[in-house]
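Heads up: the structure comes next, in structure tokens.
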Number of protein chains: 2
Amino acid sequence: MDQRVKKKATIYDLSGLSGSSPSTVSAVLNGTWRKRRIKESTAQTILGLAELHQYTTNLQARGLRRSRSGLVGLMLPVHDNRYFSSMAQTFEGHVRSRGQCPVVVSASRDPEEERRTAETLISYSIDQLFIVGATDPDGVHEVCELAGLRHINIDLPGAKAHSVISDNYQGARMLTEAIIRHFGNDDRLRPDELFLFGGRNDHASRERIAAFHATKKALLGADPDDGVQSSGYSPDITLRAFEAFYQRRGKLPRALFINSSINMEGLLRFMAGRPAEMFSELVVGCYDYDPFGSFLPFPVIMVRQNVEAMITKAFELIDGPPTAPQTFLIAPELIQPRSALKGPLDTLKDIE
Amino acid sequence: MDQRVKKKATIYDLSGLSGSSPSTVSAVLNGTWRKRRIKESTAQTILGLAELHQYTTNLQARGLRRSRSGLVGLMLPVHDNRYFSSMAQTFEGHVRSRGQCPVVVSASRDPEEERRTAETLISYSIDQLFIVGATDPDGVHEVCELAGLRHINIDLPGAKAHSVISDNYQGARMLTEAIIRHFGNDDRLRPDELFLFGGRNDHASRERIAAFHATKKALLGADPDDGVQSSGYSPDITLRAFEAFYQRRGKLPRALFINSSINMEGLLRFMAGRPAEMFSELVVGCYDYDPFGSFLPFPVIMVRQNVEAMITKAFELIDGPPTAPQTFLIAPELIQPRSALKGPLDTLKDIE
DNA sequence: AGTTTCTGCACCATCGATTGTGCAAGCGAA
DNA sequence: TTCGCTTGCACAATCGATGGTGCAGAAACT
């Protein structure tokens with residue numbers, strides 16, 4: 001009734017009200033009461049009171065006692081990106097369906113921050129940690145290991161825990177091939193007309209670059225040394241790479257392999273303020289899928305990583321018996337230009 | 001040394017090792033030791049041991065005792081969207097800079113889920129809750145109020161707590177005007193050539209629709225009744241709205257006001273598989289900003305909501321003294337087609 | 001020397017829930 | 001009547017950290 005700023009009800013309150021001991025109340029409320037041979041009628045009384053007083057379990061207390069919290073962590077490099085945010089969306093669905101509480105945090109691709117973040121999550125006794133695209137997965141592993149926390153790498157592999165990643169080599173091979181084949185035989189691409197922008201010294205980039213090299217060589221006969229312009233995972237650095245290239249050559253290549261949607265944003269920045277016609281002949285392959293990116297004014301072939309499959313596999317592994325660290329490849333999918341695919345949001349219901 | 005699967009060190013372990021009492025150890029480790037007049041040298045000893053044994057505070061225990069957790073919650077409708085994910089990104093930066101731990105969860109625009117999610121977060125004694133785009137802000141308020149949790153609405157206002165929202169009316173006015181003015185005087189838009197797609201019965205949509213109506217009427221002289229096609233916040237419902245429209249009229253309008261990037265994805269789905277030329281004359285205004293959306297093959301005028309300002313204001317309010325619930329409007333910004341703006345990611349450093 | 005004032009720390013209750021253990025009452029069988 | 005088993009629950013320790021309170025010894029002062 002007069003639930004003003006009243007403190008939340010505890011098992012002790014319900015104990016007093018019901019005449020049962022706190023332990024009985026606890027058992028009833030956490031569902032172990034049959035095992036503890038509590039009478040049905042006692043249970044009903046307590047449940048009624050709980051309802052009446054809007055009892056909710058203090059999960060910190062439970063967590064302290066059980067040394068598990070019911071929280072499952074997802075550590076992302078960044079939020080603001082369709083690949084990672086769809087990862088978060090998918091992850092949430094999985095965690096909720098198991099009755100746990102998802103916690104999503106980002107660590108900015110900073111190894112130091114990654115470890116600190118893991119430490120913090122561990123201090124809250126999270127039950128499992130999904131480490132996505134970490135710059136230093138093994139550093140994070142160290143921290144988790146010490147705390148006995150189950151964890152798994154996604155997107156970028158580590159050596160010391162299971163990893164679920166895209167088959168970057170195959171994906172990049174498909175993508176490179178698709179870019180090249182996009183030009184018919186009469187308008188054949190020359191090796192110096194296809195460049196890769198973006199990438200960093202991480203596993204994914206290395207694989208993609210290797211596949212790019214190999215495929216280019218196989219299909220176009222050669223790949224000049226400077227076919228790759230690394231520019232990290234930053235739009236601005238990528239922008240500068242494009243500007244530098246443009247400065248040197250007086251034009252952009254006819255075809256681009258862009259390492260991620262973040263680098264693609266660098267291309268957008270380059271486009272901004274420049275006439276649209278400058279890009280009308282461009283063909284782009286982008287290793288990431290973004291629905292809006294797919295409809296740019298030039299053909300954009302994209303690769304969509306199979307987030308749902310990766311998350312599913314990751315749960316399977318993290319719940320399974322511990323075995324020697326292994327890396328699992330999930331095949332990505334080639335997406336033709338002008339495709340608007342369904343995403344994790346499509347499973348949500350919306351009002352009419 | 002042999003930190004195998006050893007349990008984590010506690011203040012009791014350090015107490016034994018250092019010869020000090022647990023309370024002394026606690027005081028040293030949480031920084032209140034000067035206030036408790038602990039000798040410098042004692043503190044150093046304990047800090048040394050803590051370092052050596054990799055002590056980390058059990059934050060659940062601390063949270064239980066203090067009934068605050070150091071967690072700050074952000075409840076989003078969904079993750080997989082540039083507006084909300086940039087909100088998360090910005091929020092994280094703010095929370096981290098105050099030494100707390102951000103927790104981001106989504107509640108799928110489901111009032112029931114929103115309340116449940118708030119309940120769960122409360123059970124972990126989060127310190128503050130930022131409620132973004134809730135379908136039922138006042139329902140969530142109820143839950144927070146009962147627990148004495150400070151909270152604030154963002155993006156969609158509630159009646160019972162402070163709200164920080166975009167100035168949707170002004171934004172929509174600017175956007176409608178920009179769409180109309182995009183057609184010169186010689187190619188004047190007729191009232192039945194501009195339609196609004198998307199929107200729902202929420203405050204933001206209502207304001208935008210009202211502004212759309214008013215501006216259209218003011219500039220084009222009239223607005224036929226069916227100028228608005230509500231289609232919620234779902235790409236697929238929006239797709240169906242476009243299909244229905246197309247069915248009826250045999251063509252799309254020349255100009256569109258699209259209520260959000262999610263609805264815009266409905267337009268993409270409509271575009272997929274249809275010839276690009278069909279859309280070459282289209283002019284779109286979208287109430288949301290997405291860098292890729294800004295470079296579609298037709299002019300897309302966008303509205304960027306000022307996420308940074310909203311979050312900043314929200315922190316200011318939530319930390320300030322409690323006052324009667326009030327709604328604060330933050331001016332959004334009109335973004336011309338083909339603009340690639342900096343976002344929250346740009347403040348992150350990236351390796352060369 | 002006796003009294004007051006600091007210093008420096010230990011003691012202990014507490015936050016709310018969990019869980020191993022113990023035990024009284026009830027009941028049937030011998 | 002007595003033994004033994006089941007039923008139904010209470011007791012109390014525990015998870016790890018916090019913070020109010022109290023107290024001994026040293027220092028300062030009269």
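Every value quoted in this text rests on a predicted model; they were computed, and no experiment measured them. Numbers restart at 1 for each chain; the letters A, B, ... are given by sequence-line order, proteins then strands.
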Looking at [atom1] of [X] and [atom2] of [Y], how far apart are the two atoms once the value is rounded to the nearest 0.5 Å?
X	Y	atom1	atom2	value
B/Leu64	B/Ser69	CG	OG	11.5 Å
A/His79	A/Asn81	NE2	CG	11.5 Å
B/Ile152	B/Arg150	CD1	CZ	9.0 Å
A/Trp33	A/Lys39	CH2	NZ	12.0 Å

Examine [N]: is either OP1 or OP2 under 4.0 Å from a nitrogen or oxygen in the side chain of [X]? Give yes or no.
X	N	value
B/Asn30	D/dA17	no
B/Thr57	D/dG16	no
A/Ser26	C/dT18	yes
B/Asn58	D/dC15	no
A/Thr42	D/dC9	yes

Quick one: do [X] and [Y] make a salt bridge, cutoff under 4.0 Å?
X	Y	value
B/Lys160	B/Glu142	yes
B/Arg109	B/Glu114	no
A/Arg116	A/Glu119	no

Produce the list of close N/O pairs, under 3.5 Å, pairing protein atoms with atoms of nucleotides 20-27 of chain C; give distances to one decimal.
{"unit_1": "C/dG20", "atom_1": "O6", "unit_2": "A/Arg36", "atom_2": "NH2", "d": "2.4"}

Please report, rounded to the nearest Å, how far the [atom2] atom of [N] is from the [atom1] atom of [X].
X	N	atom1	atom2	result
A/Glu40	D/dT7	CD	P	15 Å
A/Arg34	D/dC9	CZ	P	13 Å
B/Arg66	D/dT18	CZ	P	5 Å
B/Leu14	D/dT18	CG	P	12 Å
A/Tyr124	D/dC15	OH	C1'	17 Å
A/Leu29	C/dA17	CG	P	8 Å
B/Ile11	D/dT14	CD1	C1'	14 Å
B/Ile38	C/dC11	CD1	C1'	13 Å

Closest approach to the side chain of [X], judged atom by atom: which nucleotide of [options] is it?
X	options	value
A/Ser21	C/dC15, D/dA10, C/dT18	D/dA10
A/Tyr12	C/dA17, D/dC9, D/dT18	C/dA17
B/Leu64	D/dT18, C/dA17, C/dG16	C/dG16
B/Arg65	D/dA10, C/dA17, C/dT14	C/dT14

* Any A/Asp127 side-chain heavy atom under 4.5 Å of A/Leu149 side chain ->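 Counting from C-beta outward, A/Asp127 and A/Leu149 never come under 4.5 Å.
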Practice item. Report yes if some heavy atom in the side chain of B/Leu71 is under 4.5 Å from a heavy atom in the side chain of B/Cys101; otherwise report no. Key: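 Side-chain contact under 4.5 Å: yes.
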B/Ala61 vs B/Thr32, nearer the 5' end of DNA chain D by closest nucleotide: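 Counting from the 5' end, the first nearest nucleotide belongs to B/Ala61.
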Under the ring pair (Phe, Tyr, Trp, His ring centres under 6.0 Å) rule, what pairs show up with a residue in residues 113-134 of chain B, not counting sequence neighbours?
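Qualifying pairs: B/Phe91-B/Phe130, B/Phe130-B/Phe315.
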Per-residue pairing states of DNA chain C in dot-bracket (Watson-Crick or G-U under 3.5 Å; . unpaired, | other strand) read ||||||||||||||||||||||||||||||
